[in-house]
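Worksheet: one structure, shown below.
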Amino acid sequence: MDTKALFNLSYGLYIVSAKNEGRFNGQIANTVFQVSGAPNSVAVSINKQNLTHEFIQASRLLTVSILAQSAPLSLIGHFGFKSGREADKFAGANFNYKISENGLFYVTDHTNAFIEAKVIREMDAGTHTVFLAEVTGAAVLSSEPSMTYAYYHQIKRGAVPKTAPLPEVEKPVAAKVVRDATYRCTICGYIYDPEIGDPENGVPPGTPFEKLPEDWTCPICGATKDLFEKED
Ligand code: FE
């Protein structure tokens, strides 16, 4: 069996949020899709280790904020590489969010729509649970194109949380030209590419890793420079 075949499936990127009594949490998910139109229902696959999983099972409610292409790595990192067990992801947030009719938070910055849904069934899928949920509310927030997983990985050079259902995409074969080395964050897997720089943090394209300020940190997980390794 060639499991590389699975790399050819396409996905979006979403913030799935849930609550449990007075607590709120959200996380990045790539597996959200519409299942039927009557009633409108979606399926959401969530890793059993995640706090959001516990919250969805407790409240049977969830929201999906659909990320747009402009979503910065910092926003994805905030929901994808930090655990709600350590800190409330919505407390003191530097992004805007609103409250849905069911009393859940959804993110309104760098998203183009949100969906609110009520869980009607769940299926054990090994590492993950697939929640089937009936859509109870939804709104379009902007006309910006949705962020796809491929766009995130190839254009934004983003990394994949360990609890995502996806294997890491294979690295493209390096072109045989002399160029500054790429460096990989050993914490989250983000790749610093000198040709791209880190424009979200004021680092222009063409900046070698060695020339980054000493206080520069990983745009996704906040790791310091010494936690990066040169790629071959
Ligand atoms: Fe990182």
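Whatever order the structure lists them in is the order used to number ligands and atoms, beginning at 1. The basis for the numbers below is simple: all heavy atoms, side chains too, and nothing from hydrogens, waters or symmetry mates.
- The number of protein N, O or S atoms lying under 2.8 Å from the Fe ion (ligand 1) is 4.
- In the model, E122 has no side-chain atom that pairs as donor or acceptor with a side-chain atom of T129 under 3.5 Å.
- Note: Y190 and W216 have tilted aromatic rings, judged against thresholds of 30 and 60 degrees for the angle between ring planes.
- Looking at T224 and D226, their side chains do bring a donor and an acceptor atom within 3.5 Å of each other.
- Judged purely by distance below 3.5 Å, without hydrogens or angles, the side chains of E144 and S70 pair a donor atom with an acceptor atom.
- Residues E210 and Y183 bring a donor and an acceptor atom of their side chains to less than 3.5 Å of each other.
- The two residues T217 and G222 come nearest to each other via the heavy atoms CB-O, 3.5 Å.
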